[in-house]
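See below for the structure under consideration.
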Amino acid sequence: MVDPEEEEAMEEITFKSDTVLSDVHLNIPNKRHLMVRLNAVGQPVFQSQFKLLWNKDSWKDTQVKGKKQKDIQIENTVHDDRSVQESCGKNSNGIDFLNRNETQTHPCMRIEALLDNDGDLEVVRRPRVFSEAKQKEPSRNKIHPKILTQGAENFSEEEQENIHHSMVKIEHTMATPLEDVGKQVWRGAFLLADYILFRCDLFKSCTVLELGAGTGISSIITATVAKTIYCTDVGEDLLAMCERNVALNRNLTATGGGVIKVKELDWLKDDLCTDPQVPFSWSEEEISDLYAHTTVIMAADVFYDDDLTDALFKTLYRITHNLKNACTIYLSIEKRLNFTLRHFDITCEAYNHFRFSLNELEKLRDGKMKFIIEPIEATFPQFLVYERIEQLGTSHIEDTLQKQRYKTQWKKRRIKKKKNY
């Protein structure tokens, strides 16, 4: 007989993991990761380089013809397959494939001759012309260990300048506890960065507030076009890492003239920290500038905990309510699929809660704020090298009622001035 307490405990079994690893680091193990230090809590900190794809000519050419990015990738794949088929009869050295009788044959046609009369596998030996001793170049790439150092490499000034403008250097950790996931790089930040570079006209010369910036990669990209970026998160160690990343990419952000200010902004608190003794606190001038000039708010891949999601939407409402100008909000998210014992099915609980909160924000009618939410299709080109999956998405939120209110006030002022005359 099963004890009722044991039976109840069995129904509530959950599987927990001590660490979380971003797919950005998991799917590209061959990337060059340089361990640079240990952070304040003893976690290894790595420095990675992410390549920027500034050339958009190929996208523009195909976009004129009304083709989407997926169509471009399919056409390139078909073209590559045809090229392979055309050169299928020769190897990389231009030598024809030979069968066991030393006559020319198609490499795909040799499969029929792999069995003898008894049905045993017959191994076809390579002719002596394929001997590695006679090859000028090795048929396989030899792997040599490389010692990674922090010193400058032997590049010319022009090459070094090109590297600075085509790479984003980011310090990050890997395999962290859930509360430290902001120290990793996530695909949602890449998707938001792609959209910023694609629609740079929407961010040009703006004051931007990023919530939950993490390593700061989205703020760094935004600084190439925007005027001032308030890059915010919580945790002194995380903010210090973010500030180091800003310093590592000054050559990249200097082209746009954007200024990044790393600050603490806790969604669970109503007020901004103004204590000068606290690192990354706000000054009165910065708070005044934030509320007077911010026109864009953004957050990338920060919706993984229901309580934090609720806190974020409350923070969005509180900040937009205090802004003097109309504001546009950009949110990017990755829809993560998980199998749960409670539903005994694959679910997306964090994403579903995000969608619920988004709908509640759109329904909000308090006479002060009104939000219009529109999804953004991820058909814009990639400017960063990463795996863009279909579960990635971006939403565009606009405070339309606030815009109308300020337009009405401006019209009233004009009428009063005309009456005075």
Side-chain angles (χ1 to χ4, degrees), residues 24 34 36 45-56 150 152 155 157-172 182-186 188-233 238-265 279-280 282-283 285-286 289-290 293-301 328 330 332 380-386:
V24 171
L34 168 64
V36 290
V45 176
F46 299 85
Q47 185 184 116
S48 299
Q49 296 181 358
F50 300 98
K51 188 175 181 180
L52 276 168
L53 307 175
W54 292 110
N55 188 5
K56 299 184 291 182
Q150 297 188 49
F155 293 116
E157 292 183 2
E158 183 178 355
E159 290 174 335
Q160 195 72 28
E161 188 71 15
N162 292 333
I163 291 175
H164 286 319
H165 288 84
S166 62
M167 291 288 182
V168 183
K169 296 180 181 179
I170 296 295
E171 286 193 3
H172 61 88
K183 298 178 182 178
Q184 300 186 53
V185 182
W186 300 90
F190 285 133
L191 182 69
L192 182 59
D194 282 342
Y195 185 75
I196 292 168
L197 292 175
F198 177 62
R199 294 299 310 271
C200 55
D201 55 305
L202 301 177
F203 301 85
K204 190 173 183 180
S205 303
C206 291
T207 297
V208 181
L209 169 64
E210 182 177 10
L211 301 174
T215 58
I217 187 168
S218 297
S219 290
I220 292 169
I221 295 299
T222 308
T224 62
V225 292
K227 179 182 178 182
T228 305
I229 301 93
Y230 289 100
C231 179
T232 67
D233 214 309
L238 173 59
L239 293 172
M241 177 189 293
C242 185
E243 196 170 55
R244 289 171 66 93
N245 288 332
V246 173
L248 284 172
N249 295 277
R250 278 177 181 164
N251 290 328
L252 179 65
T253 58
T255 56
V259 177
I260 302 177
K261 297 183 179 182
V262 180
K263 297 294 174 183
E264 178 183 298
L265 198 156
F280 306 103
W282 296 74
S283 66
E285 293 77 10
E286 289 169 339
D289 178 69
L290 173 72
H293 299 105
T294 298
T295 55
V296 175
I297 300 177
M298 62 185 188
D301 219 344
T328 305
Y330 297 96
S332 71
F380 44 89
Q382 285 190 217
F383 292 84
L384 285 156
V385 179
Y386 68 101

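Each residue takes its place number in the sequence, starting with 1.
Inter-residue side-chain proximity for I196 and F383 is flagged as unmet; no heavy-atom pair is nearer than 4.5 Å. Here the side chains of D201 and R199 are in contact, with some heavy-atom distance below 4.5 Å. Inter-residue side-chain proximity for Q47 and L248 is flagged as met; some heavy-atom pair is nearer than 4.5 Å. Residues T207 and V296 have side chains not in contact (no heavy-atom distance under 4.5 Å, counting atoms from C-beta outward). In this structure the side chain of F380 never reaches within 4.5 angstrom of the side chain of L197, judged on heavy atoms. At least one side-chain heavy atom of Q49 sits less than 4.5 Å from a side-chain heavy atom of K169. For the pair F280 and D233, the minimum side-chain heavy-atom distance is 4.5 Å or more. With contacts defined as side-chain heavy-atom distances shorter than 4.5 Å, the pair F190/Q382 does not qualify.
Residues E243 and V262 approach most closely at CA-CG2, 4.0 Å, considering heavy atoms. In this structure, Y230 and K263 approach most closely via the heavy-atom pair CD2-CG, 4.4 Å. For A226 against V208, the heavy-atom pair with the smallest separation is CB-CG2, 4.0 Å. The heavy-atom pair separating K51 from M167 by the smallest distance is CA-SD, 3.7 Å. Smallest separation of non-hydrogen atoms from Q184 and H172: CA-CB, 4.4 Å. Summarising the geometry of T294 relative to L290, their closest heavy-atom pair is OG1-O, 2.5 Å, with the distance given to 0.1 Å.
In this structure, H293 NE2 and T228 OG1 are separated by 9.0 Å, a value rounded to the nearest 0.5 Å. Atom NZ of K261 and atom SG of C231 lie 13.0 Å apart (nearest 0.5 Å).
Panel note: side chain D301, backbone S332; no donor-acceptor pair is recorded below 3.5 Å. Using modelled atom types, one side-chain atom of N245 and one backbone atom of E171 make a donor-acceptor pair closer than 3.5 Å.
Residues satisfying the ring pair (Phe, Tyr, Trp, His ring centres under 6.0 Å) criterion with F203, sequence neighbours excluded, are Y330. By the side chain to side chain contact (heavy atoms under 4.5 Å, CB included) test, S205 pairs with no residue at all, sequence neighbours left out.
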Exercise for the section: For the pair V24 and Y386, evaluate side chain to side chain contact (heavy atoms under 4.5 Å, CB included) and give the outcome as yes or no after the intermediate values. Expected result: CA-CA 7 Å; V24 171; Y386 68 101; 5.7 Å; no
Problem - Check against side chain to side chain contact (heavy atoms under 4.5 Å, CB included), L384 and L52 - result: CA-CA 5 Å; L384 285 156; L52 276 168; 3.6 Å; yes
What side-chain donor-acceptor pairs closer than 3.5 Å can you find for residues 213-221, not counting sequence neighbours?
from: S218; atom 1: OG; to: A189; atom 2: O; distance (Å): 3.4
from: S219; atom 1: OG; to: E210; atom 2: OE1; distance (Å): 2.4

